[in-house]
2 protein chains.
Amino acid sequence: MPKDLPLLTAAPVERRDAARNRRALLDAAAELMGGCGVEALTMDALAARAGVGKGTVFRRFGSREGLMASLLDHREAEWQAGVISGPPPLGPGAPALERLHAFGASRLRLHLDQAALIEAAGRTWGENHAVLGFAELHVRLLLGELGVAGDVAYLATAIIAPLAVPVLRQQMHAGMSEQQILSGWRDFVDRLVGSE
Amino acid sequence: MPKDLPLLTAAPVERRDAARNRRALLDAAAELMGGCGVEALTMDALAARAGVGKGTVFRRFGSREGLMASLLDHREAEWQAGVISGPPPLGPGAPALERLHAFGASRLRLHLDQAALIEAAGRTWGENHAVLGFAELHVRLLLGELGVAGDVAYLATAIIAPLAVPVLRQQMHAGMSEQQILSGWRDFVDRLVGSE
DNA sequence: GGTCGAAACGGACCGCGGTCCGCTTCCATT
DNA sequence: AATGGAAGCGGACCGCGGTCCGTTTCGACC
């Protein structure tokens with residue numbers, strides 16, 4: 001009998017060399033990005049730095065955008081964990097409106113921090129249901145707790161939309177500070193949920 | 001004395017061959033795009049089709065994204081004309097709230113029609129102050145007419161944000177129809193301005 | 001019409017993202 | 001330990017966006 005019953009949920013096991021190369025690639029990516037911006041992260045350079053062939057890089061990540069998405073996944077997972085089980089007010093335990101405010105603040109911060117990476121990831125990032133979908137679901141639930149009536153799904157989308165990177169870049173370009181953006185967003189949300 | 005006094009507002013005059021090539025390039029672009037999608041619009045193919053060199057294309061438009069932006073400019077100008085001096089309810093003459101609704105409907109339609117082009121234009125499109133800036137200003141003025149208090153500039157941005165192409169694509173992907181999106185947006189806006 | 005400077009042209013050239021396919025490495029089984 | 005086959009690997013190759021610079025064309029002025 002086999003040692004490991006192949007569970008239905010088990011991901012297809014990764015071969016040793018594959019795992020090693022994955023590690024090497026992510027490390028090399030971090031190094032290259034640390035030196036300069038995302039521009040420095042060339043697929044050829046990455047392959048060379050990690051000591052693997054170019055084909056391996058594309059086998060792993062599918063595309064440059066996919067690689068960027070992988071780099072973003074770590075932070076995103078941390079953030080989601082913070083929402084699900086972290087300390088309030090972002091995590092559970094605070095009143096819904098406070099949690100909503102904390103959501104906006106942390107999401108804004110995340111997007112500003114990772115702006116370059118997010119743009120480099122392009123549609124690979126946003127189209128991942130696990131990303132935008134999670135945030136939208138969270139906001140929907142909070143709106144429900146707040147007793148908001150109407151098309152809650154659309155409202156959730158509309159609440160998240162102005163936190164998108166292109167919008168933020170435009171606002172920063174127009175001279176707004178992170179504080180101004182955040183307070184604008186908070187007023188906007190309050191106005192939306194406060195009209196009961 | 002010169003026939004044409006060079007007015008201060010006059011753009012630096014375009015040479016004959018330059019104008020001819022510009023025409024040829026825009027026509028060729030339309031032809032190539034008509035056949036297939038935006039993907040078919042290769043800079044090499046465009047140059048060949050228009051019977052000019054590749055360098056000429058880049059001299060004109062700066063980049064592929066710039067070319068896309070140029071293609072969008074025509075429609076955008078028409079739309080802006082419709083807002084400034086077209087028939088109500090989009091143009092002047094209708095109550096502010098109706099104009100706002102009409103704004104959303106026509107803008108939604110425009111974005112859906114031109115989605116592929118807009119995405120291909122990338123940041124060249126959004127960063128043009130004449131585009132997003134105009135729409136935002138318009139919404140700001142309408143909000144002012146409606147007597148909305150608070151950070152009107154931010155609210156204008158937030159009202160426009162969910163009409164961005166990536167958001168729309170996500171919604172269409174989730175099975176929403178144009179009608180559903182529009183009515184969701186209208187409720188959202190009503191809730192925002194109706195809480196006086 | 002002739003002349004001259006500037007603007008426009010064109011296509012060879014480069015770097016990068018992405019593909020392809022023959023070769024190597026791993027690991028389950030005997 | 002031997003072995004079979006599949007998963008993984010690597011780097012030559014391609015197409016496209018973008019640049020560069022010697023050459024051509026325009027048109028203003030004499």
Side-chain angles (χ1 to χ4, degrees), chain A residues 1-6 10-26 28-29 32-33 36-71 117 119-124, chain B residues 1-6 10-26 28-29 32-33 36-71 117 119-124:
Chain A
M1 89 180 82
K3 275 185 203 167
D4 298 317
L5 289 176
V13 196
E14 200 175 36
R15 249 168 57 171
R16 279 264 164 71
D17 50 351
R20 182 164 29 84
N21 282 337
R22 160 183 233 95
R23 257 311 277 257
L25 282 169
L26 288 177
L32 285 176
M33 298 253 317
C36 307
V38 275
E39 303 302 318
L41 191 48
T42 295
M43 298 306 258
D44 294 273
L46 177 62
R49 180 85 168 210
V52 304
K54 207 174 170 182
T56 304
V57 183
F58 281 92
R59 157 174 297 272
R60 274 282 151 246
F61 302 106
S63 66
R64 189 186 139 99
E65 295 191 347
L67 168 64
M68 299 301 181
S70 287
L71 293 179
L117 223 45
E119 298 223 296
R123 52 184 64 183
T124 310
Chain B
M1 88 182 81
K3 276 186 200 166
D4 298 317
L5 288 176
V13 195
E14 202 175 36
R15 247 168 60 170
R16 279 262 165 73
D17 51 348
R20 181 163 30 81
N21 282 338
R22 161 182 233 95
R23 255 315 272 260
L25 282 168
L26 288 176
L32 285 176
M33 297 254 317
C36 308
V38 276
E39 303 302 318
L41 191 48
T42 294
M43 299 306 259
D44 293 273
L46 177 62
R49 180 83 167 211
V52 305
K54 206 175 172 182
T56 304
V57 183
F58 281 93
R59 157 174 300 270
R60 272 284 148 246
F61 302 107
S63 68
R64 189 185 139 98
E65 295 191 347
L67 168 65
M68 299 301 181
S70 287
L71 294 178
L117 223 45
E119 296 222 298
R123 54 184 64 184
T124 309

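Throughout, a chain's letter reflects where its sequence line sits, starting with A, and its residues are numbered from 1.
- In this model, the phosphate group of C/dA8 is not approached by any side-chain N or O of B/Asn21 to a distance below 4.0 Å at OP1 or OP2.
- In this structure, A/Leu46 places its CG atom 13 Å from C1' of C/dC16, rounding to the nearest Å.
- OP1 or OP2 of C/dG10 sits under 4.0 Å from a side-chain N or O of B/Thr56.
- Here the C1' atom of nucleotide C/dG10 and the CZ atom of B/Arg59 are 11 Å apart, to the nearest Å.
- Spacing between atom CG of B/Asp44 and atom P of C/dC13 amounts to 15 Å, rounded to whole angstrom units.
- With values rounded to the nearest 0.5 angstrom, B/Glu39 atom CD is found 9.5 Å from B/Leu41 atom CG.
- Heavy-atom minimum distance, B/Ala47 versus B/Val57: CB-CG2, 3.8 Å.
- Atom pair A/Leu67:CG and C/dC16:P shows a separation of 15 Å (rounding to whole Å applied).
- Within the 4.5 Å cutoff, no side-chain heavy atoms of B/Val38 are placed close to those of B/Glu119.
- Each of C/dG18, D/dG18, D/dC9 was ranked by its minimum atom distance to the side chain of A/Phe58; first place goes to C/dG18.
- Rounded to whole Å, the distance from CZ on A/Arg64 to C1' on C/dT19 is 18 Å.
- Each of B/Gly55 and B/Arg20 was assigned the nucleotide of DNA chain D with the nearest heavy atom; the assignment lying further toward the 5' end belongs to B/Gly55.
- For the OP1/OP2 pair of D/dC26 and a distance below 4.0 Å, the side-chain nitrogens and oxygens of B/Arg16 include no atom meeting the criterion.
- For A/Ala121 against A/Ala69, the heavy-atom pair with the smallest separation is CB-N, 4.0 Å.
- The CE-C1' distance, from A/Met43 to C/dG15, rounds to 15 Å in whole Å.
- As a whole-Å value, the separation of B/Phe61 CZ from D/dC16 P is 19 Å.
- Side-chain atoms of A/Ser63 lie closest to C/dG18 of the nucleotides C/dG10, C/dG18, D/dG17.
- Side-chain contact between B/Leu26 and B/Leu71 is present, with heavy atoms from C-beta onward closer than 4.5 Å.
- Following rounding to the nearest Å, B/Lys54 (NZ) and D/dG15 (P) show an atom-to-atom distance of 13 Å.
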